[in-house]
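Presented below is the structure to which this report refers.
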Amino acid sequence: QQQLVESGGDLVQPGGSLRLSCVTSGLAFNSYAFGWFRQAPGKEREGVACISSNDFGTSYADSVQGRFTISKDHHKQKVFLQLNSLKPEDTAIYYCAADFNHRQRCYLNEALRYDYWGQGTQVTVSS
């Protein structure tokens with residue numbers, strides 16, 4: 001059974017940092033691109049960052065470019081999102097998702113193509 005489990009969400013002050021982790025199981029990890037999405041109360045889900053199956057391609061939302069970094073550990077079959085210089089507007093539930101995709105690119109704005117999703121982890125940025 002395919003599973004994605006996120007962790008690392010927390011309450012953090014503006015300007016702080018967090019590292020989100022996504023542990024995967026039941027997937028042919030190297031055949032999937034991965035994305036991080038977020039949804040804030042009353043707002044639509046948005047793509048934050050994605051990484052291709054071979055790590056050659058990454059994409060970031062304009063709102064997080066230069067502050068967030070997506071990465072993978074192929075040996076441990078984990079996906080990470082490093083969040084730096086956090087702002088109150090980054091407050092949301094963050095979801096990890098897997099897209100069966102061998103291309104050297106990922107699709108940040110096509111959530112419907114992602115096959116598997118985690119349950120989410122809450123990030124709250126507040127003083």
Side-chain angles (χ1 to χ4, degrees):
Q1 182 179 358
Q2 295 82 3
Q3 277 194 311
L4 285 73
V5 180
E6 304 94 333
S7 63
D10 205 346
L11 170 64
V12 62
Q13 292 187 345
S17 296
L18 285 174
R19 190 191 195 204
L20 306 184
S21 297
C22 173
V23 178
T24 73
S25 59
L27 296 175
F29 188 84
N30 293 338
S31 295
Y32 285 82
F34 289 90
W36 285 95
F37 296 79
R38 68 185 181 186
Q39 188 164 20
K43 294 188 176 182
E44 292 187 356
R45 180 178 56 192
E46 64 170 336
V48 175
C50 67
I51 186 167
S52 65
S53 57
N54 61 7
D55 298 351
F56 285 179
T58 58
S59 183
Y60 294 90
D62 290 343
S63 59
V64 307
Q65 181 75 48
R67 300 189 298 122
F68 291 7
T69 304
I70 189 169
S71 61
K72 291 189 289 178
D73 182 327
H74 287 263
H75 178 66
K76 296 182 178 179
Q77 299 195 354
K78 290 185 176 181
V79 187
F80 303 101
L81 186 67
Q82 179 69 39
L83 293 67
N84 296 330
S85 303
L86 281 161
K87 304 175 181 180
E89 52 263 42
D90 294 319
T91 295
I93 299 175
Y94 284 71
Y95 299 91
C96 175
D99 168 25
F100 184 74
N101 168 14
H102 287 96
R103 297 177 180 178
Q104 293 189 24
R105 63 161 295 183
C106 57
Y107 298 87
L108 185 60
N109 297 312
E110 297 183 34
L112 291 178
R113 67 177 295 124
Y114 286 77
D115 305 288
Y116 304 105
W117 293 78
Q119 84 291 346
T121 186
Q122 176 71 50
V123 172
T124 303
V125 185
S126 175
S127 55

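The chain is numbered in sequence order, starting from 1.
- With sequence neighbours left out, the side chain to side chain donor-acceptor pair (under 3.5 Å) criterion links Thr58 to no other residue.
- Asp99 pairs by the salt bridge (Lys or Arg N to Asp or Glu O under 4.0 Å) definition with Arg113, not counting sequence neighbours.
- The salt bridge (Lys or Arg N to Asp or Glu O under 4.0 Å) contacts involving residues 78-89 comprise nothing, where partners must be two or more places apart or lie in separate chains.
- Heavy atoms only, all atoms of each residue included: Lys76 and Asp73 are closest at N-OD1, 2.9 Å.
- Judged purely by atom type and a 3.5 angstrom limit, Tyr60 uses its side chain to pair as donor or acceptor with the backbone of Ile70.
- By the side chain to side chain donor-acceptor pair (under 3.5 Å) test, Ser59 is found to be paired with no residue, residues two or more places apart in sequence or in another chain being considered.
- The side chain to side chain contact (heavy atoms under 4.5 Å, CB included) check on Asn109 picks up nothing, with sequence neighbours excluded.
- Counting only residues at least two apart or in different chains, disulfide (SG to SG under 2.5 Å) contacts with residues 48-93 comprise Cys50-Cys106.
- Applying the salt bridge (Lys or Arg N to Asp or Glu O under 4.0 Å) test to residues at least two apart or on different chains, the pairs with a partner in residues 19-38 are Arg38-Glu46, Arg38-Asp90.
- Arg103 meets the side chain to side chain donor-acceptor pair (under 3.5 Å) test with Tyr107; sequence neighbours excluded.
- Taking each heavy atom of Glu6 and Tyr95 in turn, the nearest pair found is OE2-CA, 3.3 Å.
- Ring to ring, Phe68 and Trp36 are not that close: their centroids are 6.0 angstrom or more apart.
- Connection of Phe56 to Phe34 is not established within any shared hydrophobic cluster, with ILVMFWY side chains joined at heavy-atom distances below 4.5 Å, either directly or through further cluster members.
- Applying the salt bridge (Lys or Arg N to Asp or Glu O under 4.0 Å) rule to Lys72 yields the partners Asp55; only residues at least two apart in sequence or on another chain are considered.
- The two residues Gln104 and Asn54 make their nearest non-hydrogen contact at CG-ND2, 3.0 Å.
- Grouped by direct or indirect side-chain proximity (heavy atoms under 4.5 Å, Ile/Leu/Val/Met/Phe/Trp/Tyr only), Val5 sits alone.
- Hydrophobic clustering of Ile, Leu, Val, Met, Phe, Trp and Tyr side chains at less than 4.5 Å, counting indirect connections, keeps Tyr114 apart from Val48.
- Side chain of Gln82 to backbone of Thr69: no donor-acceptor contact under 3.5 angstrom is found.
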Would you be so kind as to tabulate the donor-acceptor pairs closer than 3.5 Å made by side chains of residues 7-17, with sequence neighbours excluded?
from, atom 1, to, atom 2, distance (Å)
Ser17, OG, Asn84, OD1, 3.0

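- Judged purely by atom type and a 3.5 angstrom limit, Thr91 uses its side chain to pair as donor or acceptor with the backbone of Val125.
- In the hydrophobic clustering of this structure, Leu4 does not group with Phe37; members are Ile, Leu, Val, Met, Phe, Trp, Tyr whose side-chain heavy atoms approach within less than 4.5 Å, directly or through other members.
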Pair up each side-chain donor or acceptor in residues 22-33 with any protein partner under 3.5 Å, not counting sequence neighbours, and list the distances.
from, atom 1, to, atom 2, distance (Å)
Thr24, OG1, Gln77, O, 2.9
Asn30, OD1, His74, ND1, 2.6
Ser31, OG, His102, NE2, 3.1

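- Transitive grouping of hydrophobic side chains (ILVMFWY, heavy atoms separated by less than 4.5 Å) brings Val123 and Leu81 into a common cluster.
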